[in-house]
Amino acid sequence: MGYHVITSTSSPSSLFSSIPSSSSSFSSRNFNLGNFAFSLQPSSSLSLSLSPHHHRILLHPNHVSLHEPLPQVSKDHQDSNFEDSDEKSSKSFIWVNPKSPRAKQLRKKSYDARYTTLVKLANTLDSCNPTEDDVSDILNASGDKILEQDAVIVLNNMANSHIAPLVLKYFQRRIVKPTREVILYNVTFKVFRKCKDFDGVEKLFDEMLQRGVKPDNVTFSTIISCARICSLPNKAMEWFEKMPSFGCEPDDVTYSAMIDAYGRSGHIDMALNLYDRARTEKWRIDTVTFSTLIKMYGKAGNYDGSLNVYEEMKVLGVKPNMVIFNTLLDAMGRAKRPWQAKIIYKEMTNSGLSPNWVTYASLIRAYGRSRYGEDALIVYKEMKEKGMNMNTHLYNTLLAMCADLGFSDEAFEIFEDMKSSGTCQPDSWTFSSLITICSCGGNVSEAERILNEMIEAGFEPTIFVLTSLVQCYGKARRTDDVVKTFNQLLDLDINPDDRCCACLLNVMAQTSKEELGKLIDCLEKANQKLGSLVRYLVEELELDGDFRKEASELFNSFSDEVKRAFCNSLIDLCVNLNLMDRACELLDLGLTLEIYTDIQSKSQTQWSLHLKSLSSGAALTALHVWINDLTKALESGEDFPPLLGINTGHGKHKYPGKGLASVFDSHLKELKSPFHEAPDKAGWFLTTNVAAKSWLVARSSPELVAA
DNA sequence: GTAGGGTTAG
């Protein structure tokens, strides 16, 4: 249902029809620097003594009086109206025009010094004992006069949600008449958000009400974004809906935060609803909201929706920034549209932006996902040539791409690069990709070596590492080690996910019948329903319900990205156990559930069998079904096209022994079929209608041919 | 960095 909403509103005209087209309403947010005009006020805001060595600057409405030590100002920047004899005497006062660049510079310097001191104070507080006494001691020692503004900066820079409330309490005691107490609460909420402590947020909110402090929009958007970060979309909604009862009307920032909260939690229809509301209420829609929308569409698989947002931004004259481009690149990567990623990258550089590491990571992923390995490696080369500042994440993105494409040598070269960079430490992701590469290549000893290196570096095996090892031992026919690895997963209290189950099932398809029992035990622990279905298949037991229905329910319980892997492996298992009827039943079920699509195709000139996404067992089953269908067509006198073809695909990955083409080459020969590998069409086996027909006749009546 | 929202991997 929600997805209908996306499609129906994703066209540019309906999505953005009510957005005002004047660019002024989209102008970038004007941060009110006036908030910091305190430095021009005669107030004592800068006389706070937090450090015995701070600069003391006395300010007057029209003139700035400086007391030593005086910041040095270069001659070029001095206004000719100024006295510059100040540098001689430490006690002299001079008058500086507050509007002059020099005064501005002095103010900035003074503010910077104060800010630095307050940040240090926040850090000290973060690591003190969470007691009122310790907090008081530290704050008392830092100076006697604490102003509200300073309190805001301290809390805003804290990261410990156990201590922040104590600090807030201290400030509430010490600041006689806070003018905007809500701000003190709001920055404290931010600390809870940093710690992902939503319970703490709700507790603090109650406290705030008890003190009679009225929440404002900032309070709500902070709470909503905390709920979002804590993956509590319902809480985000709940708080959003509470706003009016506190006299708050959502504004552009709240809408943007909520659109993001809805989008991230998969409530896309809700997000678009809100977006509609934001538009009709004529809220300014800024770059951040646009990037949220692009990301939301990209994650939902509506890639044209992402592009539409980008196009509309252009139409409206909102200049896309780096985040927009990076988000778009990521969406095009998910869409497996590397050419479009290239175009967007080009548009980005043309607009004068130079790629940052996120850009490169998105590009590498985009190319990797589409098996454009060479292009991905070119990006790597470019980054190296540019002397790009590498980080662990970027290296890991490269390694993950290598793992996807089977670039084993390249991966180890990149790993060496990473270690010699001196700045990037391998982490659990790094080791995980390397272990995957070794596992897919069937290199057990190397996988074990990397695993040890990982453990020595202080990382626990993750589900990804252990799943790779299951595959690795499975390939090597070391069933007991598969079981051991699986049990390790359970010992670490890791819940085996769909991918892990799919991997176990895949291993079973490579295991001898005698050893299958051990693996069924594992599978049953991971997924009871799947385990018992497989036990039924292997042990040829009676099933309570009907097989197709059970299997269908099972498939629907899996996430989309693993459905095909499950179906492939189950069919492989059936083929290995010589249960061809079950294999055909599963293939048919796969077609019904659209796990497989367009396996057979017919045109005027050619009938084809497309096997690209099928495992070898599933492909052999599909061939079996196709041959039966062709035989029926022949018997019913249907006209055959001049050409018949089987497309196995040419598998762009470099891992050995996975190619369907080689499996089919020998199988088709075994069947004495007239299909032969096309020399000029990679991945195709072709034959003529005449050869096909005589072969089909020979197959269906062997006794006739023998006679 | 300056009381609120955005990019960041299997």
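Naming: A, B, ... by sequence-line order, numbering from 1 per chain.
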Could you tell me how far apart [X] ([atom1]) and [N] ([atom2]) are, to the nearest whole angstrom?
X	N	atom1	atom2	result
A:Asn356	B:dT7	CG	C1'	8 Å
A:Arg180	B:dG4	CZ	P	13 Å
A:Leu184	B:dG4	CG	P	13 Å
A:Leu204	B:dG4	CG	P	16 Å
A:Ile364	B:dA9	CD1	P	14 Å
A:Arg193	B:dA3	CZ	P	13 Å
A:Phe240	B:dG4	CZ	C1'	14 Å
A:Asn186	B:dG5	CG	P	11 Å

Which nucleotide in the set [options] lies at the smallest distance from any side-chain heavy atom of [X]?
X	options	answer
A:Arg369	B:dG5, B:dA9, B:dA3	B:dA9
A:Asp427	B:dA9, B:dT7, B:dG5	B:dA9
A:His393	B:dA9, B:dG5, B:dT2	B:dA9
A:Val218	B:dA3, B:dG5, B:dT8	B:dA3
A:Asp216	B:dA3, B:dG5, B:dT7	B:dA3
A:Ala257	B:dA3, B:dT7, B:dG5	B:dG5
A:Tyr111	B:dT8, B:dT2, B:dG4	B:dT2

Inset, instruction - Could you check A:Glu207, A:Arg180, A:Gln172 and say which one makes a side-chain hydrogen bond (donor to acceptor under 3.5 Å, both in side chains) with A:Tyr185? - result: A:Gln172
Legend entry - Any A:Lys235 side-chain heavy atom under 4.5 Å of A:Cys230 side chain: no
Legend entry - Side chain to side chain, A:Tyr367 and A:Met401, heavy atoms closer than 4.5 Å: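 Counting from C-beta outward, A:Tyr367 and A:Met401 never come under 4.5 Å.
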hbond_proxy [X] side chain to [N] base (donor-acceptor, 3.5 Å cutoff):
X	N	result
A:Asp252	B:dG5	no
A:Asn156	B:dA3	no
A:Ser221	B:dG4	yes

Inset, instruction - First locate atom CE of A:Met390, then atom CG of A:Asp417, and finally report the distance between them rounded to the nearest 0.5 Å. - result: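 Answer for the CE-CG pair, A:Met390 versus A:Asp417, is 7.5 Å.
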Mind checking if [X] touches a base, just sugar-phosphate, or nothing, with heavy atoms under 4.0 Å?
X	answer
A:Asp112	base
A:Thr254	base
A:Asp260	sugar-phosphate
A:Val358	base
A:Arg334	nothing

Legend entry - Electrostatic pair A:Asp404-A:Arg369, nearest N-O below 4.0 angstrom: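 So A:Asp404 does not pair with A:Arg369 through a salt bridge.
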Inset, instruction - Fit a plane to each ring of A:Phe220 and A:Phe246, take the angle between them on a 0 to 90° scale, and name the class: parallel (under 30°), tilted (30 to 60°) or perpendicular (over 60°). - result: tilted
Inset, instruction - Check whether any side-chain nitrogen or oxygen of A:Arg365 sits under 4.0 Å from OP1 or OP2 of B:dT8, and answer yes or no. - result: no
Inset, instruction - Could you check whether A:Trp429 and the base of B:dA9 form a stacked pair, meaning centres closer than 5.5 Å and planes differing by less than 30°? - result: yes
